[in-house]
Novice: 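Shown below is the structure under consideration.
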Amino acid sequence: MVKETFNAKETFEAGYEMGKKALPGQIYCLNGDLGVGKTVFTQGFAKGLGIEEPVNSPTFTIIQEYHEGRLPLYHFDVYRIGDVEEMDELGYEEYFYSDGVCLIEWSTLIQEIIPDNAIEIVIEKNLEKGFDYRKITIGQEAV
């Protein structure tokens, strides 16, 4: 599925709709260049799960946990992971194989440990169409 958005509000809404439909144990891999709207999408996703607290990218902490929604959300930002073995130190399997939902920014950096059933989301900008134009590709088309 491809969703075209034209501003941050629509990117938030796309995340919100996915968050409302998220199921226990699902893993979402969120990829795209810096500044494309991954955090805005994640904020919408969290809101769709019923999470009201502020959601920011856990760039320095690697993982942020949110437990107040209808499902726990485990938000990873693995941009600063130097080696996939660092994920072992974080105990990633406890999160990946839980009843919560994992959303992993920059998942291509740890591709070898991502389960086959993970849902791929790619956010891209198209400056030819305008600075705020984004294309969000979800599922097999994103691979």
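All values below come from the heavy atoms of this structure, side chains included, with hydrogens, waters and symmetry mates left out.
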Novice: Output every pair passing side chain to side chain donor-acceptor pair (under 3.5 Å) with a member in residues 30-45, not counting sequence neighbours, ordered by first then second residue.
Specialist: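 Counting only pairs at least two positions apart or across chains, the side chain to side chain donor-acceptor pair (under 3.5 Å) contacts touching residues 30-45 are Asn31-Ser107, Asn31-Glu120.
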Novice: Does Thr137 reach the side chain of Glu124, with side-chain heavy atoms less than 4.5 Å apart?
Specialist: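 They are in side-chain contact.
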Novice: Would you list the pairs meeting salt bridge (charged side-chain N to carboxylate O under 4.0 Å, His left out) in which at least one residue belongs to residues 45-72, sequence neighbours left out?
Specialist: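 Every salt bridge (charged side-chain N to carboxylate O under 4.0 Å, His left out) pair that includes a residue of residues 45-72, provided the two are not neighbours, is Lys47-Glu52.
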Novice: In Å, rounded to the nearest 0.5 Å, how long is the span from CH2 of Trp106 to CG of Leu30?
Specialist: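 One finds 10.0 Å between CH2 of Trp106 and CG of Leu30.
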Novice: Between Met18 and Ile138, what is the shortest heavy-atom contact and its length?
Specialist: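 Looking at all heavy atoms of both residues, the closest pair is SD-CD1, 3.5 Å.
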Novice: Side chains of Glu13 and Lys9: closer than 4.5 Å at any heavy-atom pair?
Specialist: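 In contact.
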Novice: For the atom pair CG (Leu71) and CG (Leu73), what is the distance rounded to the nearest 0.5 Å?
Specialist: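 Going from the CG atom of Leu71 to the CG atom of Leu73 covers 9.0 Å.
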Novice: Assigning hydrophobic clusters by single linkage (Ile, Leu, Val, Met, Phe, Trp, Tyr; side-chain heavy-atom cutoff under 4.5 Å), is Leu90 placed with Ile114?
Specialist: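 Yes, because Leu90 and Ile114 connect within a single hydrophobic cluster, where side-chain heavy atoms sit under 4.5 Å apart.
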Novice: Please identify each residue that fulfils side-chain contact (heavy atoms from CB on, under 4.5 Å) with Leu23, with sequence neighbours left out.
Specialist: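 Partners of Leu23 by the side-chain contact (heavy atoms from CB on, under 4.5 Å) criterion, ordered by chain and then number, come out as Gln26.
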Novice: Does some side-chain heavy atom of Met87 sit less than 4.5 Å from a side-chain heavy atom of Ile81?
Specialist: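 Counting from C-beta outward, Ile81 and Met87 do come under 4.5 Å.
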Novice: Suppose we screen for side-chain contact (heavy atoms from CB on, under 4.5 Å). Which residues come up paired with Glu112, at least two apart in sequence or across chains?
Specialist: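 Glu112 satisfies side-chain contact (heavy atoms from CB on, under 4.5 Å) with Val84 once adjacent residues are dropped.
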Novice: Measure across Ile27 and Pro115 and return the closest heavy-atom pair with its distance rounded to 0.1 Å.
Specialist: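 That closest heavy-atom pairing would be CD1-CG, 3.5 Å.
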Novice: Roughly how far, to the nearest 0.5 Å, is the CD1 atom of Ile63 from the CG atom of Asp77?
Specialist: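 It is 11.0 Å, given to the nearest 0.5 Å.
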Novice: Using the ring pair (Phe, Tyr, Trp, His ring centres under 6.0 Å) criterion, which residues pair with Tyr97? Sequence neighbours excluded.
Specialist: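 Listed in chain order: nothing, the list is empty.
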Novice: Specify the closest pair of heavy atoms between Gly37 and Thr11, including all atoms of both residues, with the distance to one decimal.
Specialist: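 In terms of heavy atoms, the two residues are closest at O-CG2, 3.7 Å.
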Novice: Can you tell me how far the CG atom of Leu109 sits from the CZ atom of Arg80, to the nearest 0.5 Å?
Specialist: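 Reported to 0.5 Å precision, the distance equals 12.0 Å.
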Novice: Sequence neighbours left out, what pairs pass ring pair (Phe, Tyr, Trp, His ring centres under 6.0 Å) with at least one residue falling in residues 10-43?
Specialist: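 Non-adjacent pairs meeting ring pair (Phe, Tyr, Trp, His ring centres under 6.0 Å): Tyr28-Phe45.
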Novice: Which pairs count as salt bridge (charged side-chain N to carboxylate O under 4.0 Å, His left out) when at least one residue sits in residues 86-111, sequence neighbours excluded?
Specialist: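 Salt bridge (charged side-chain N to carboxylate O under 4.0 Å, His left out) check on residues 86-111 returns no pairs.
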Novice: Taking C-beta and beyond as the side chain, do Ile104 and Phe96 meet within less than 4.5 Å on heavy atoms?
Specialist: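 Answer yes - side chains close enough.
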Novice: Restricting to ring pair (Phe, Tyr, Trp, His ring centres under 6.0 Å), what partner residues turn up for Tyr95, sequence neighbours left out?
Specialist: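 Listed in chain order: Tyr74, Phe76.
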Novice: Check whether Ile121 and Leu49 end up in the same hydrophobic cluster, where Ile, Leu, Val, Met, Phe, Trp and Tyr are linked by side-chain heavy atoms less than 4.5 Å apart.
Specialist: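 They do share one cluster, since a chain of ILVMFWY contacts under 4.5 Å joins Ile121 to Leu49.
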